[in-house]
There are 2 protein chains.
Amino acid sequence: MRRDAARNRERILDAAAAIVAAEGVGGLSMAEVAATAGVGVGTLYRRFGDRSGLAYALIDEREREFQAAFLDGPPPLGPGAEPRERVRAFLGALADRTVAQLDLLVMAETAGPYARFGGAYEAYRGHLAMLLGQVRPEGDASCLADALLAPLAAPLLARQVRDQGVPVGRVKAALDALVAGL
Amino acid sequence: MRRDAARNRERILDAAAAIVAAEGVGGLSMAEVAATAGVGVGTLYRRFGDRSGLAYALIDEREREFQAAFLDGPPPLGPGAEPRERVRAFLGALADRTVAQLDLLVMAETAGPYARFGGAYEAYRGHLAMLLGQVRPEGDASCLADALLAPLAAPLLARQVRDQGVPVGRVKAALDALVAGL
DNA sequence: GCATCAAACGGAATTGATTCCGCTTCTACG
DNA sequence: CGTAGAAGCGGAATCAATTCCGTTTGATGC
């Protein structure tokens with residue numbers, strides 16, 4: 001990447017983070033980010049594709065940590081534990097990180113019809129399908145993975161946890177009950 | 001409702017249906033619907049609230065049939081069958097009707113962050129929670145209902161069924177496997 | 001140092017949803 | 001019938017995302 005492009009990328013992410021800190025995710029409009037960063041809106045789109053891409057980029061650092069944890073980290077999230085245990089740990093950890101970044105994820109996942117499947121969705125699905133294949137070799141690991149990931153969609157969690165006051169623990173427990181039956 | 005309002009409601013729905021028939025869901029813009037119906041855009045919003053509300057209204061007729069079927073119709077969808085059997089029938093039927101109306105539902109559910117929970121979502125959740133309470137009285141029926149409904153979100157089904165060529169049957173089978181374990 | 005050109009830029013223009021508000025039309029009631 | 005006012009209406013204005021395209025700039029080879 002050209003040096004000016006890298007510099008602008010940083011400026012944009014800094015500006016976006018500052019706006020989120022100051023006004024919340026609601027204040028994060030493309031025009032305002034561009035103005036604050038001192039670049040044109042075209043530059044935002046060149047760098048991040050769209051609103052959803054910008055939101056995912058803002059989350060990226062913690063995202064890398066999370067991915068590292070389930071790919072390589074200590075059990076039960078990482079390798080070493082029983083597959084079923086890893087599935088539960090993975091879904092629980094994903095629930096936690098989704099709740100931790102709820103606003104940005106709601107924005108990222110609802111930027112367009114398929115925005116939810118951008119970001120790291122494929123990585124999650126692949127990982128989960130791999131584990132489910134070990135738990136239940138005769139099952140349809142790929143569809144099951146989609147089905148178990150779906151309840152962790154940010155807008156649903158937002159409604160449950162924030163609007164209805166359901167504790168995250170209950171959501172995780174319900175998923176555990178489903179996984180236990182496999 | 002005033003008579004002129006009812007007439008406009010019909011005109012709008014007719015115009016919207018005609019546009020969908022002619023150009024697909026992609027051509028369904030609020031301005032075009034208003035122009036075709038011969039009303040102002042304000043009238044659309046007064047009647048339907050937003051884009052999502054219009055899409056749900058277009059689906060409404062089949063929707064009533066579906067609701068009547070699981071509330072009052074013959075088993076296994078309606079009363080009379082074992083609760084677990086009814087859960088499976090309900091999820092299967094919901095999957096079918098979602099796929100049958102895929103384009104409109106993708107539009108309706110992605111009009112805004114919480115648009116998915118408009119329409120009949122509460123009715124589905126209540127019904128499913130009631131059945132799950134009979135299957136597993138000690139479980140968290142409410143969270144389980146949300147978790148089992150989530151995999152039937154229109155955008156996810158669109159991706160699986162349309163983009164990836166997964167047969168609906170596989171999606172249903174994966175849900176059955178989850179329900180079987182409860 | 002300088003020419004070249006692909007990559008990157010900026011910001012006006014476009015597109016489409018949603019809001020606003022002054023005007024019109026029903027309908028109920030006297 | 002006449003009229004008050006609630007309900008409804010139209011469409012211009014607003015707001016934000018996204019696209020487009022002419023201009024600028026950094027990297028590379030000489």
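Chain A is the first sequence line, chain B the second, and so forth, proteins listed ahead of strands; every chain is numbered from 1.
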Q) What is the per-nucleotide protein-contact pattern of nucleotides 21-30 of chain D, from the 5' end, where B denotes a base atom under 4.0 Å from a protein heavy atom, S denotes such proximity for sugar-phosphate atoms only, and - denotes neither? A) ----BSS---
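- Applying the side chain to side chain contact (heavy atoms under 4.5 Å, CB included) criterion to A:Pro75, with sequence neighbours excluded, gives A:Ala81.
- Here the P atom of nucleotide C:dG11 and the CZ atom of A:Arg47 are 17 Å apart, to the nearest Å.
- In this structure, A:Thr43 reaches the C:dG10 phosphate: one of its side-chain N or O atoms is under 4.0 Å from OP1 or OP2.
- Regarding A:Leu44, its CG atom lies at a distance of 16 Å from the C1' atom of D:dC20, rounded to whole Å.
- Salt bridge status for B:Arg62 with B:Glu65: absent, with no side-chain N to carboxylate O gap under 4.0 Å.
- Aromatic ring centres of B:Tyr121 and B:Tyr114: separated by at least 6.0 Å.
- One interatomic measurement links the two molecules: CG of A:Asn8 to P of C:dG11, which rounds to 12 Å at whole-angstrom precision.
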Q: Show your working on side-chain contact (heavy atoms from CB on, under 4.5 Å) between A:Leu144 and B:Leu178 and close with a plain yes or no.
A: CA-CA 8 Å; A:Leu144 278 174; B:Leu178 289 177; 4.0 Å; yes
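- Distance, B:Met30 CE to C:dT18 P: 6 Å, rounded to whole Å.
- Mapping B:Gly40 and A:Arg51 onto DNA chain D by nearest heavy atom places B:Gly40 closer to the 5' end of the strand.
- The nearest whole Å value for the distance from the OH atom in B:Tyr45 to the P atom in D:dG8 is 18 Å.
- Distances were taken from every side-chain heavy atom of B:Ala5 (C-beta onward) to each of C:dA17, D:dA16, D:dC9; the shortest belongs to D:dC9.
- When the P atom of D:dA17 is taken as reference, atom CZ of A:Phe48 falls 15 Å away, rounded to whole Å.
- Using a 4.0 Å heavy-atom criterion, one finds that B:Gly38 contacts the sugar-phosphate atoms exclusively.
- Using a 4.0 Å cut-off, no side-chain N or O of B:Arg9 falls inside it from OP1 or OP2 of D:dG8.
- Protein atom CD of A:Glu23 is 14 Å distant from nucleotide atom C1' of D:dA16, rounded to whole Å.
- The pair A:Arg162-A:Asp103 meets the salt-bridge criterion, since a charged nitrogen lies less than 4.0 angstrom from a carboxylate oxygen.
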Residues 35-42 of chain A, side-chain donor-acceptor partners within the protein, below 3.5 Å, at least two apart:
residue, atom, partner, partner atom, Å
A:Thr36, OG1, A:Glu32, O, 2.8

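- The neighbour count for B:Gln164 CD, taken as heavy atoms of other residues, nucleotides or ligands under 6.0 Å away, is above 12.
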